[in-house]
Amino acid sequence: MKNMHSVRRGGDFKRRGFLPVALLALSGLFAASPLAHAAWTTNAGLNGTVRALTIATNGHIIAGGLVGMGYCAEWNGTSWITNAGLGGTVYALTVATNGHIIAGGNFPGFCAEWNGTSWITNAGLGSNVYALTVATNGHIIAGGLAGMGYCAEWDGISWTTNAGLAGMLTALTIHTNGHIVVGMGISPFYCKEWNGAWADLGGGLGNAIYALTVATNGHIIAGGSFPGYCAEWNGTSWTTNAGLNGNIRALTVANNGHIIAAGEFSGKCAEWNGTSWTTNAGLASTVYALTVNTNNSHIIAGGMVGIGYCAEWTGPATPPAITTQPSNAVVGVGSPASLSVGNNGTAPFGYQWLKDGVILTGQTNSTLAYASFQFTNSGSYNVVITNNEGLAISFPASLSVSNALLRAWGDNTYGQLGNGTNGPGAADTNKLPIEVTNNVVAAAGGYKHSLFVKADGSLWAMGRNNYGQLGNGTTNNANRPIQVTNNVVAVDAGHYHSLFVKADGTLWAMGRNEYGQLNGTASRIETRSGFLFPMR
C-alpha cells in the first residue's frame, strides 16, 4: 500500500480508493516496447562497417571504415556528416594535440590529417596503418605493415621509424610512464614496449593482440586471439581476465574505471569490474572499435551491420526512479500553477498526471501546468512515470487556491459540519452550505464524521468519535474541528474509520477495526473498541 502513492481525495477506499496498476497499463501509459531491455541506441545513418572510432575536441563522434560510410564520418549528436576525401578503408583514428583528426588505413598516403575542412596527407609511409595513438610529446605514433617499418613516429613534419620490430603491428597505447606499448599480429612475444628501444613484456601471450588500453591502476590491458582473450600486465607478469569465449577486437576504459571489451565473443561487448565480466547485451554482430563519449560518458561501439554500424551504450536499462517529488502549492485564482517531478532511469520516459486518482488528458510531461488555475482544479495530484523497464508513482501533492473556503451542509447530529452546534433530528440539518474554515486543500466525509487538510498540511476532524475515528485519542464527539496531526497530503473517511497519507508516503488509520479495515488483523466480531490514535 505504501508504495502505491495514489490515495484519492474524499470518498470511500473500498469503493474508490486506489488506482490499480493494471488500469495504468491498460490506459497505454507504458513506453513503447517491454522487450527493449538492452540499453544500446543505434546512431543511424551509416551503411558500411566501422573499423575505428574516436571523439573530436568538440565532442563529436568520429567513425572510420569502409566505402559504404564514405570512409570517415562525423556524428554531431543528430546525424552523420561525411568527412570526404579519403579513397580507402580507415582502420585507425586518433586526435592530435592541435585538435585535428588523424586517420590511418589503406587509402592513398596511408595516414592523413583532417583540419576541419579537408584531409592533408602525412606523406612518407609505404603501407597500411592499423593503429594510431598520440605520444606524451604530442607526436603521432602509427603502426602497421612492413612498408612503414611496422611502427613510425610523426613529429609534425616527417616520419621516423622506431626500428626493431619484425612483425605486423595491430594495436598501440601509451603507458602511464610515457612508453609506447605495441601489440603484434605476428611475433614470438606479441607485446613490446618502446623506451628508446623495444623490450618484450613478459614471456608472451601466445597469439595475436588486436587491442590495447591502460587501466586506471596503470596496468596494461591486452585483448586478442590468444588463450584467455584478455590479459592484464602488472609490470611483472600477465594475468588472464578469464570469462570471455572469443576474440577481442577493441578495448577502452569506462568513466567508472571498468574495462570495456568488444569483439567476436558471446554478447559482443562486456564490462570487467576487476573480478568478472558482465555482458552489455543487445548487439548482434562483431564490434571492431570502442570509445567513450566525452559528452555523456556513454560507450560507443562500431562494427558490422548487426549493430547498426555504430551504437551507443547508456548503461544497464533501469526502471524510472523518482528523485524529486512534486510539492504542495497554493496559488491565486487565475494565476499560472504547476507541479514538477524529477526522475532518473533509462529513457525514453512516459509521464501521466492524475488528479484525485483520475487521468488528466494532455498532462503527459514531467511538469503539470495550468495557465489559469481555478478553484475546480484544486485537488490531490500525482504522476505515473513509465519506461520499457517499469513504472514509478509519485507521492501525492496538493494544488489549491489561496484562502479556499470549506463549506458544509446536511445532517449535523454529531457535529460533523464543524460549526459548533449539534443535536438530534431534522432541526439540526443544514440545507444550505455554511462556512467552516479556509485554506483547505482536501476533504473527506465519512459516516457522521468529517476530515479536512489545510494548505499547511495539518489534518483536522469533527463529528462522531465513538470508535476513535477522529484520531485524537478519545471517543468524545467534536462539533468543532480538532487538529489530529501534520504533514498530511491526502485523506479519506470510511464508515467508522479514517485514513490519511503523510508527505513521506506513509499510510495511517484510526477508528473501528472489526473487519480489519485498519490493518487486516481483526476478526469479523462486533466490538465497541477501536484505535483511538492513528496507527501506521
Side-chain angles (χ1 to χ4, degrees), residues 1-13 16-19 322 324-331 337 339 341 354-357 375 377-383 393-408 416 418 436-447 449-465 467-474 478 480-494 496-513 517-519 530-536:
M1 298 283 281
K2 175 181 173 182
N3 291 329
M4 287 293 294
H5 308 316
S6 59
V7 179
R8 290 178 58 95
R9 184 172 65 97
D12 184 340
F13 270 108
R16 302 173 58 196
F18 288 89
L19 189 67
I322 295 174
T324 305
Q325 295 284 349
S327 299
N328 298 347
V330 178
V331 297
L339 291 173
V341 67
L354 302 94
K355 175 181 179 290
D356 299 333
F375 179 80
N377 299 132
S378 297
S380 179
Y381 290 81
N382 58 353
V383 61
I393 306 176
S394 73
F395 296 155
S398 67
L399 268 182
S400 61
V401 298
S402 54
N403 203 33
L405 296 177
L406 175 66
R407 293 182 171 90
Q416 59 264 46
V436 180
T437 187
N438 57 15
N439 290 329
V440 172
V441 296
Y447 181 68
H449 74 290
S450 307
L451 304 100
F452 61 85
V453 179
K454 303 197 83 172
D456 63 1
S458 58
L459 173 65
W460 300 74
M462 60 263 194
R464 195 172 189 183
N465 195 34
Y467 292 101
Q469 57 264 47
L470 301 190
N472 68 336
T474 75
R480 291 281 188 189
I482 55 176
Q483 185 172 350
V484 181
T485 188
N486 294 303
N487 297 319
V488 174
V489 294
V491 66
D492 213 335
Y496 286 116
H497 69 286
S498 306
L499 304 99
F500 61 88
V501 176
K502 287 201 156 192
D504 62 1
T506 54
L507 174 65
W508 298 73
M510 60 265 193
R512 198 175 188 181
N513 194 42
Q517 54 263 57
L518 302 189
N519 64 358
F531 289 89
L532 306 182
F533 288 102
M535 56 173 290
R536 183 172 174 176

With a 4.5 Å cut-off on side-chain heavy atoms, are N328 and V441 touching?
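Side-chain contact under 4.5 Å: no.
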Are I393 and N382 close enough that some pair of their side-chain heavy atoms sits under 4.5 Å apart?
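Yes, close enough: below the 4.5 Å cut-off.
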Is a donor on one side and an acceptor on the other found under 3.5 Å between the side chain of [X] and the backbone of [Y]?
| X | Y | value |
| --- | --- | --- |
| S498 | Q469 | yes |
| N487 | D504 | no |
| D356 | G379 | no |

Where is the tightest heavy-atom contact between [X] and [Y], given as atom of each residue plus distance?
| X | Y | result |
| --- | --- | --- |
| R480 | M462 | O-CB, 3.8 Å |
| Q483 | N486 | NE2-OD1, 2.7 Å |
| V331 | A337 | CG2-CB, 3.9 Å |
| A397 | P326 | CB-O, 3.6 Å |
| R464 | Y447 | NH1-CE2, 4.4 Å |
| N513 | Q517 | OD1-N, 3.2 Å |

According to side chain to side chain contact (heavy atoms under 4.5 Å, CB included), who are the partners of V401, at least two apart in sequence or on a separate chain?
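Checked V401 against side chain to side chain contact (heavy atoms under 4.5 Å, CB included); matches are V333, F373, F375, S378, A404.
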Applying side chain to side chain contact (heavy atoms under 4.5 Å, CB included), name anything that partners A478, two or more places apart in sequence or on another chain.
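For A478, the residues satisfying side chain to side chain contact (heavy atoms under 4.5 Å, CB included) (neighbours in sequence not counted) are L470, I482.
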In residues 450-460, what donor-acceptor pairs under 3.5 Å come from side-chain atoms, sequence neighbours left out?
unit_1, atom_1, unit_2, atom_2, d
S450, OG, Q416, O, 2.9
K454, NZ, T437, OG1, 3.2
K454, NZ, N438, O, 3.4
D456, OD1, S458, N, 3.0
D456, OD1, S458, OG, 2.6
S458, OG, W460, NE1, 2.8

Interatomic distance, L354 atom CG to Y381 atom OH [nearest 0.5 angstrom]
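L354 CG to Y381 OH: 10.5 Å, rounded to 0.5 Å.
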I need the L399 CG to N377 CG distance, nearest 0.5 Å.
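Here the rounded value is 8.5 Å.
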